[in-house]
Amino acid sequence: MNSKNLCDATNILKKYHQEHLLYLYDMLSENKKEFLLNQILNTDFEHILALYKNSIKGDYFSFDTITPLEHLEKSDFSNSELNHYISIGENELQNEHYAVVTMAGGQGTRLGYKGPKGTYLLDLKPQKKSLFQIMCEDIKQANLKYDIIIPWYIMTSEENDTATKSFFEKNNYFDYPMNKIKFFKQKKLPLIDINGKLILKEPYMIKEASNGNGDVFNSMLENGIIEDLEKNNIKWIFFGGIDNVLLKNVDPLLLGLTIASNNEIASKSVFKEKALDKIAVYCRDMGKPSILYYENINLEISELKNSDGKYLYREANILAHLMSLNAVKKVSKVQLPYHRAFKKNTFVNAEGVKQVPEQPNTFKFEKFIFDAFSKFDDMLLLRVNPDEEFAPIKDFTSIYNPDTAKQKYENYHFGDASKIGKL
Ligand code: UTP
């Protein structure tokens with residue numbers, strides 16, 4: 001059996017110039033040989049190499065079709081208006097029409113932490129808390145307030161699924177009702193090095209990684225999550241990342257505003273303080289809601305203002321999105337485009353030795369959740385206060401580091417910020 005598979009695999013690798021994947025084959029046990037051959041036979045080389053080749057050409061970008069996306073700010077509303085929208089949102093929450101999806105399938109390469117990013121412990125006093133615990137406590141607070149139990153869906157990846165589930169088990173699901181938590185796995189793709197070659201994770205295993213948070217919709221469909229939402233009579237789904245320790249998973253104001261404005265999708269933004277910060281901002285592209293990547297933003301664009309003196313392209317994306325179930329169903333059948341990210345990934349070299357790169361060395365192909373927005377004519381965008389809602393942990397060198405996140409978390413929950421703006 002192995003010899004037929006070996007012959008087929010060799011031919012495939014020759015066709016795609018990936019023969020190096022079998023350099024260590026002879027030293028493998030029979031089981032591992034079989035594993036590697038199966039992986040090769042089940043890899044769509046055509047697809048991954050087409051993604052790589054297309055990405056080399058770079059994304060064509062023209063500013064000609066870009067216009068600003070309007071946004072709302074809390075200060076735009078009177079107290080009675082705010083209360084009105086909040087009560088619309090609260091009503092929907094109390095009717096148990098709301099679910100949360102936490103996207104925790106990322107690799108977290110910049111943080112370089114071993115294990116799922118959600119298991120990273122933030123050094124809080126009196127006890128450290130994992131990012132999963134922080135997220136869980138945030139949702140539990142809403143459960144308590146509205147006397148509901150919000151269904152919580154957690155997206156994992158092949159790489160971190162087992163470790164994530166055992167972390168929850170070990171921590172007794174942070175006392176969240178177990179039957180209200182569901183994990184689902186997103187898809188994966190091989191990584192490619194700068195020479196267009198797939199890499200090995202182990203001598204018997206091609207290295208693959210999750211294919212971006214934009215896979216969430218297809219994965220929800222394929223894993224029966226959409227069916228589950230329908231069965232539970234859910235009408236609104238909040239999507240957030242795992243690494244923002246001030247993420248507000250349940251915000252009646254956002255929900256109420258979205259319902260009242262007849263929008264199917266909504267997001268939160270924070271004002272981008274520095275014109276050239278490496279963060280994407282909201283815009284419209286050919287009239288449809290979209291995102292302007294920081295690579296495409298220069299000082300001139302960032303400084304553009306309207307006649308009221310308000311910046312046009314400063315609403316930064318914080319990965320906090322609300323969508324109706326209908327909207328999720330619609331985009332779950334759509335294939336979002338892939339983007340190329342350059343990341344640090346360990347690999348096994350031709351001598352069978354594990355190499356830990358100091359610098360990014362591999363291309364990862366990822367779909368982004370916000371690419372789904374262009375499938376809609378409009379969306380609601382609500383600017384929020386970063387001291388209340390934005391403290392992501394990305395790495396140890398930028399402003400998005402664990403120390404800053406800890407400070408912002410403590411200030412919001414226990415410091416001066418705890419006295420203001422908590423609705
Ligand atoms: P990031 O874009 O910051 O990526 O993810 P990352 O994988 O966590 O970290 P780096 O870039 O390798 O350092 C933003 C959010 O999207 C989730 C992450 O878990 C995080 O919550 N995500 C990202 C997924 O769920 N799946 C993915 O494939 C990528």
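Ligands are counted one by one from 1 in listed order, and the atoms in each one are counted from 1 as well.
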Item to check | Closest protein heavy atom to atom 23 (C) of ligand 1, given as residue, atom name and distance to 0.1 Å | outcome: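 Result: Gly106 CA, 3.5 Å.
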Checklist entry - In the protein, what heavy atom is nearest to atom 8 (O) of ligand 1, and what distance, to one decimal place, separates them? => result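 Here the closest protein heavy atom is Lys117 NZ, 3.6 Å.
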Answer yes or no: does an N/O atom from [X] fall short of 3.5 Å to an N/O atom of ligand 1?
{"X": "Gly108", "result": "yes"}
{"X": "Gly212", "result": "yes"}
{"X": "Leu111", "result": "no"}

Heavy-atom contacts with [X] under 4.0 Å: which atoms of ligand 1 show up? List them by number with element.
{"X": "Ala104", "result": "19 (O), 25 (O)"}
{"X": "Ser210", "result": "27 (C), 28 (O)"}
{"X": "Gly241", "result": "21 (O)"}
{"X": "Gln186", "result": "24 (C), 25 (O), 26 (N), 27 (C), 28 (O)"}

Item to check | Asn211 side-chain N/O to Lys367 backbone N/O, donor-acceptor pair under 3.5 Å | outcome: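 Looks like no, no N/O pair under 3.5 Å.
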Checklist entry - Where does Thr102 meet ligand 1, judged by heavy-atom distances below 4.0 Å: at the side chain, the backbone, both, or neither? => result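 Within the 4.0 Å criterion, Thr102 makes no contact with ligand 1.
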Item to check | Contacts of Phe217 that satisfy ring-ring contact (aromatic ring centres under 6.0 Å, His included) - sequence neighbours left out | outcome: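 Once residues adjacent in sequence are excluded, the partners of Phe217 under the ring-ring contact (aromatic ring centres under 6.0 Å, His included) criterion are Phe239.
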Checklist entry - Who pairs with His17 by ring-ring contact (aromatic ring centres under 6.0 Å, His included), at least two apart in sequence or on another chain? => result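 If we apply the ring-ring contact (aromatic ring centres under 6.0 Å, His included) test to His17, skipping adjacent residues, there are no hits.
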Checklist entry - Counting heavy atoms only, which of Met103, Lys188, Lys394 is nearest atom 5 (O) of ligand 1? => result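 Nearest heavy atom to atom 5 (O) of ligand 1 lies in Lys394.
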Checklist entry - Among Lys343, Glu159, Met135, Lys187, whose heavy atom sits nearest atom 10 (P) of ligand 1? => result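 The residue whose heavy atom sits nearest atom 10 (P) of ligand 1 is Lys343.
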Item to check | Phe365/His339 aromatic ring centres below 6.0 Å | outcome: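 Centroid distance Phe365-His339: not below 6.0 Å, so no.
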